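Structure, as structure tokens:
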Amino acid sequence: MEADKSKLKKDKLEIKSRTENLAEIREFINSAALEAGLSKEAIDNIILAVDEACTNIIKHAYKYFPDGKIVLNLKTDKKTFTIEIIDYGTSFEPGLVTHPDLQKYFNEKRVGGLGMYLMKALMDDVRYTTVPGKFNQVSLSKNINSNGR
Amino acid sequence: MAEFSTSVEDKGEVSTIYLKGFLDAHTAPTLENTFSGLVDNGKYSIVVNFKDLSYISSAGLGVFMAFIEKVRENEGDIKLSVMSDKVFNIFDLLGFPLLYEIFKTEEEAVNKFRENKNLGS
């Protein structure tokens with residue numbers, strides 16, 4: 001077992017685009033992040049960021065269509081814990097993610113952008129890739145420091 | 001399975017909503033119904049007790065934004081209380097402390113309504 005071919009570890013969850021599955025997604029991320037040795041605080045942040053990404057996919061990419069496919073790929077090495085989240089729904093142009101003007105949101109009753117802001121604030125790296133008509137991918141990464149934070 | 005539930009207790013003119021469990025996009029409608037129930041009955045002095053809330057995402061935060069305007073138009077307020085550090089940090093990241101009063105204890109939040117009422121009468 002020691003003669004590991006690669007230090008890169010992968011894991012995968014395929015799930016349908018339903019909000020009732022968010023709990024299972026969070027549990028999957030929790031187990032993987034614990035195994036990767038991340039701190040409690042880092043794990044909480046990753047769980048929330050992944051929840052926000054999947055919620056956006058369910059609401060915006062699939063517009064609550066319940067049978068869309070969401071694929072989560074974990075890619076962990078010694079330095080980084082990365083989750084790639086792929087969907088096959090409507091593509092989306094993230095544009096510039098700035099700090100939300102809450103008062104404005106509040107007046108306009110716009111909440112959707114909060115999740116994107118949170119993802120950016122909670123993770124070390126957030127990348128969007130879109131191949132129109134094929135798939136969308138958001139890649140969320142957290143650095144693993146020697147002290148586990 | 002993550003569960004979420006709310007319960008409401010009236011203390012004089014103030015209604016307290018107790019949150020329990022996991023508040024996400026799936027469970028946010030439960031909280032929306034709770035707020036609707038209060039607002040539809042003309043109850044606009046609302047304290048929310050977060051003591052037993054384990055988790056919140058932006059879908060949950062959105063519920064507070066959805067009702068605050070209506071509540072304040074009717075001279076009421078939504079005051080938040082007893083948040084864990086984890087939950088407070090999310091509210092804080094999004095700038096909620098600028099728009100909502102957040103108290104360490106439920107009593108402080110309830111008393112704030114009473115003080116305001118005494119000043120106004």
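Below, chain A is the first sequence line, B the second, and so on; all start at residue 1. Keep in mind that what you see is a predicted model, and the values were worked out from it rather than measured.
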Task: Within one Ile-Leu-Val-Met-Phe-Trp-Tyr cluster: Tyr44(B) and Val48(B), side-chain cutoff 4.5 Å - done: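 The answer is yes; both residues are in one hydrophobic cluster.
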
TODO: Report yes or no: do Ile58(A) and Phe4(B) belong to one cluster of Ile/Leu/Val/Met/Phe/Trp/Tyr joined by side chain heavy-atom distances under 4.5 Å?
DONE: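 They do share one cluster, since a chain of ILVMFWY contacts under 4.5 Å joins Ile58(A) to Phe4(B).
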
So does [X] have more than 12 non-hydrogen atoms from other groups sitting under 6.0 Å from [atom1]?
{"X": "Glu75(B)", "atom1": "CD", "answer": "no"}
{"X": "Glu32(B)", "atom1": "CD", "answer": "yes"}
{"X": "Lys63(A)", "atom1": "NZ", "answer": "yes"}
{"X": "Lys20(B)", "atom1": "NZ", "answer": "no"}
{"X": "Lys11(B)", "atom1": "NZ", "answer": "yes"}

Reported [atom1]-to-[atom2] distance for the pair [X] and [Y], which is rounded to 0.5 angstrom:
{"X": "Glu20(A)", "Y": "Thr27(B)", "atom1": "CD", "atom2": "OG1", "value": "12.5 Å"}
{"X": "Ser57(B)", "Y": "Asp51(A)", "atom1": "OG", "atom2": "CG", "value": "4.5 Å"}
{"X": "Leu94(B)", "Y": "Leu118(A)", "atom1": "CG", "atom2": "CG", "value": "4.5 Å"}

TODO: Flag the pair His26(B) / Asn21(A) as yes when at least one side-chain heavy-atom distance between them is below 4.5 Å, and no otherwise.
DONE: no

Task: Heavy-atom side-chain contact between Asn89(B) and Glu41(A) under 4.5 Å - done: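 No - every pair of side-chain heavy atoms lies 4.5 Å or more apart.
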
TODO: For each of Thr19(A), Leu22(A), Asn45(A), tally heavy-atom pairs with chain B at distances under 4.5 Å, and name the one with the top tally.
DONE: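 Between Thr19(A), Leu22(A), Asn45(A), the count favours Thr19(A).
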
- [ ] Taking all heavy atoms of Tyr117(A) and all of Leu93(B), pick out the closest pair and write down the distance.
- [x] CE2-O, 3.5 Å

Task: Smallest separation among heavy atoms of Leu48(A) and Ile56(B), with atom names - done: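 So the minimum-distance heavy-atom pair works out to CD1-O, 3.6 Å.
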
Open item on the list: Under a plain distance cut-off of 3.5 Å, with no hydrogens placed, do Asp44(A) and Tyr55(B) share a side-chain donor-acceptor pair?
Closed with: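 No, no side-chain donor-acceptor pair sits under 3.5 Å.
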
